[in-house]
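Scroll down for the structure; my scribbles are underneath it.
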Amino acid sequence: MTSSIGSIDLTDIKWWTSDPYPVLRQLRETDPVHWHTPGPDSFTHRHPFWALTRHSDVVYVSRHPELFCSGEGHLTETLQAALTDYDTFAMLGADNPYHALLRGHVSSAFTARMVIRAESVIRDQVSALFDALAPRKHEEIDFVREVSAVVPIQVIGDVLGVPPEDFPLIAEWTDALMESDDFVIDMETNTVSSAKGTAALGEMFDYLERMQRIREDNPKDDLVSRLMNAEIDGEKLSWRQQRECFFVLVLAGNDTTRNTASAGAHALFENPDQRADLAADYSLMRSAVEEMLRWGTVVTHFRRTATEDTEIGGKKIKKGEWVAMFYSAANRDPEVFDNPDSFDIRRTPNDHLAFGGGGPHFCLGAPLARLELRIIVEELLRRYPNYEVTGDTPYTFSSLFHGIKSMPVVLDPR
Amino acid sequence: MKAEQTLMSLRVSVDDDFCISAMQCSATAPEVFGHDEDGVVTVLDPQPPVESYEAVRHAARICPAAAIRTIEA
């Protein structure tokens, strides 16, 4: 598939639901720092931006927050503006020093040491999940809904303090916010809104308020309680700051791991020799998880804003211009990855950017995500090493989240 | 001369309770930072040679968990 560079529209959501990699490669080869203007189909995007598709440029921008800030937004969708009332992006859309202070209150729950302690709990949850599926192991199930989506919600729900009976609510909010299929453009303000997404946010914040009322008198050992008592510069976090953190954790701690687990399970099915090798030798698991992260690249891009006139790869970038870092393209850059379009569980080193390109916004959930993915694949292959994907695997309708929406699987084909 | 050497010395430590295994330090200054098998940061050389100073300072700056401390005296 080839097209002229000018006609490439990275904001066309429909395009992301098919194979985006040939066009991303073409862009990286022909115009790696590309001035992208909204195309006729990019109804969620009303603002031009620089599209970066090289690994080295994504790393450079990520690690120079003084030149490329997050405080003016981290999305390319103009949807963001329509959600101003909710302004829900917490530390993702903030710069240091405030960013580090806010993030510090959250990240204490996600350090490598905290995560190690969670391993046995998560393994018990995943084991119980697969055991419960055993009676239906010869039937077709939706792997996304029954496996990939379940585990991360259990884990992040426990961290936040959401009781298990309310986990289905988290799933509902996530589904509504991930899939952008009911956008309405307001031509006057040039912004886009989604009734479904707005309603889900409202429900989520009402829910958080109820959680907080319960904890006012009886604080618990969970992140919602901790955020209620957290301070920045001697002041308690505002309601708005708390709900932003809650929102970010519910979504980022959830759909990303879900989509990587689905992409990984799909890739292993498509590479049966590697799947058999992995099932026989769990010492390959760590590199296999890294390759699943690279292969899935479930967050396609984030953006920064230039804080001064500068340069990337010889192109002049003006102060205030938007810069979008396409992790999806960087993770297939042949300068860094041999045979980038091959799935290889032994790939070492694997300097993928699935958690971001480094710098202050590097995914704070990385150790937890790696652990969850490792346990899911270990327990899956221990029980059902010959699972089959039995039908189509459509992608979520989004240019930000690249995820398999549903995946029919028979765990134990007869 | 001795005073100048003292001025130049850099000590590095980490608060490994903050580490989120981003692995940026070990990629930036592999001679100074490592990780144990759980991915938690370790300091391989708490008093690194002068030629590593710049990399160590950079690693401390980009650590997303702000887990690296440098003392220059």
Side-chain angles (χ1 to χ4, degrees), chain A residues 55 59-66 70 91-92 94 96-97 99-119 253 283 285-286 289-290 293 336 348-371 373-374, chain B residues 4-73:
Chain A
H55 188 280
V59 168
Y60 173 77
V61 167
S62 302
R63 296 189 184 183
H64 287 85
E66 75 287 0
S70 298
M91 51 272 184
L92 274 74
N96 286 342
H99 161 266
L101 295 169
L102 185 60
R103 178 174 160 132
H105 287 301
V106 173
S107 67
S108 56
F110 296 93
T111 63
R113 286 210 193 288
M114 291 293 285
V115 165
I116 294 160
R117 277 180 230 139
E119 171 155 6
S283 74
M285 199 59 74
R286 280 175 199 269
V289 165
E290 296 309 305
L293 287 158
V336 177
T348 309
N350 190 339
D351 192 14
H352 66 75
L353 309 180
F355 293 123
H361 293 276
F362 186 91
C363 174
L364 64 81
L368 188 59
R370 286 182 163 119
L371 178 67
L373 293 166
R374 179 163 61 80
Chain B
E4 225 174 277
Q5 275 175 358
T6 316
L7 274 173
M8 287 292 289
S9 92
L10 180 148
R11 284 169 168 272
V12 56
S13 63
V14 293
D15 191 334
D16 56 15
D17 280 337
F18 289 166
C19 177
I20 63 157
S21 305
M23 312 278 178
Q24 321 241 312
C25 55
S26 49
T28 305
E31 68 285 4
V32 180
F33 301 102
H35 288 87
D36 69 16
E37 62 165 15
D38 294 316
V40 179
V41 64
T42 55
V43 178
L44 307 173
D45 187 354
Q47 285 178 281
V50 177
E51 52 272 25
S52 297
Y53 285 6
E54 200 40 55
V56 170
R57 289 190 196 107
H58 186 64
R61 215 159 43 232
I62 65 170
C63 172
I68 300 170
R69 300 268 172 280
T70 56
I71 299 169
E72 301 190 40

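Everything numeric here is computed off the predicted structure, so don't read it as measured data. Reminder, nothing fancy here: chain letters follow the sequence lines and each chain counts from 1.
- Taking the side chain as every heavy atom from C-beta outward, B:I68 and B:V14 approach each other to under 4.5 Å.
- Within the structure, the side chain to side chain donor-acceptor pair (under 3.5 Å) test picks out the following pairs touching residues 100-109 of chain A (sequence neighbours left out): A:S108-A:R226.
- Looking at heavy atoms from C-beta onward, B:V40 lies in side-chain contact with A:I116 at the 4.5 angstrom threshold.
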Cut-off 3.5 Å, no hydrogens considered: what does the side-chain donor-acceptor table look like for residues 56-64 of chain B, sequence neighbours left out?
| unit_1 | atom_1 | unit_2 | atom_2 | d |
| --- | --- | --- | --- | --- |
| B:R57 | NE | B:E72 | OE1 | 3.3 |
| B:R57 | NE | B:E72 | OE2 | 2.7 |
| B:R57 | NH1 | B:E54 | OE1 | 3.2 |
| B:R57 | NH2 | B:E72 | OE1 | 2.9 |
| B:H58 | ND1 | B:R61 | NH2 | 3.2 |

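- Heavy atoms of A:P360 lying under 4.5 Å from chain B belong exclusively to its backbone.
- Applying the side chain to side chain donor-acceptor pair (under 3.5 Å) rule to B:T70 yields no partners; only residues at least two apart in sequence or on another chain are considered.
- Residues of residues 19-27 of chain B lying within less than 4.5 angstrom of chain A, judged on heavy atoms, are B:C19, B:I20, B:S21, B:A22, B:Q24 in numerical order.
- The two residues A:D351 and A:H55 come nearest to each other via the heavy atoms O-NE2, 2.8 Å.
- If you tally non-hydrogen atom pairs under 4.5 Å between each of A:R286, A:R113, A:H361, A:M114 and chain B, the highest count goes to A:R113.
- In this structure, chain B has a heavy atom under 4.5 Å from the backbone of A:F110, while its side chain stays farther away.
- No side-chain donor-acceptor contact under 3.5 Å links A:S70 and A:H99.
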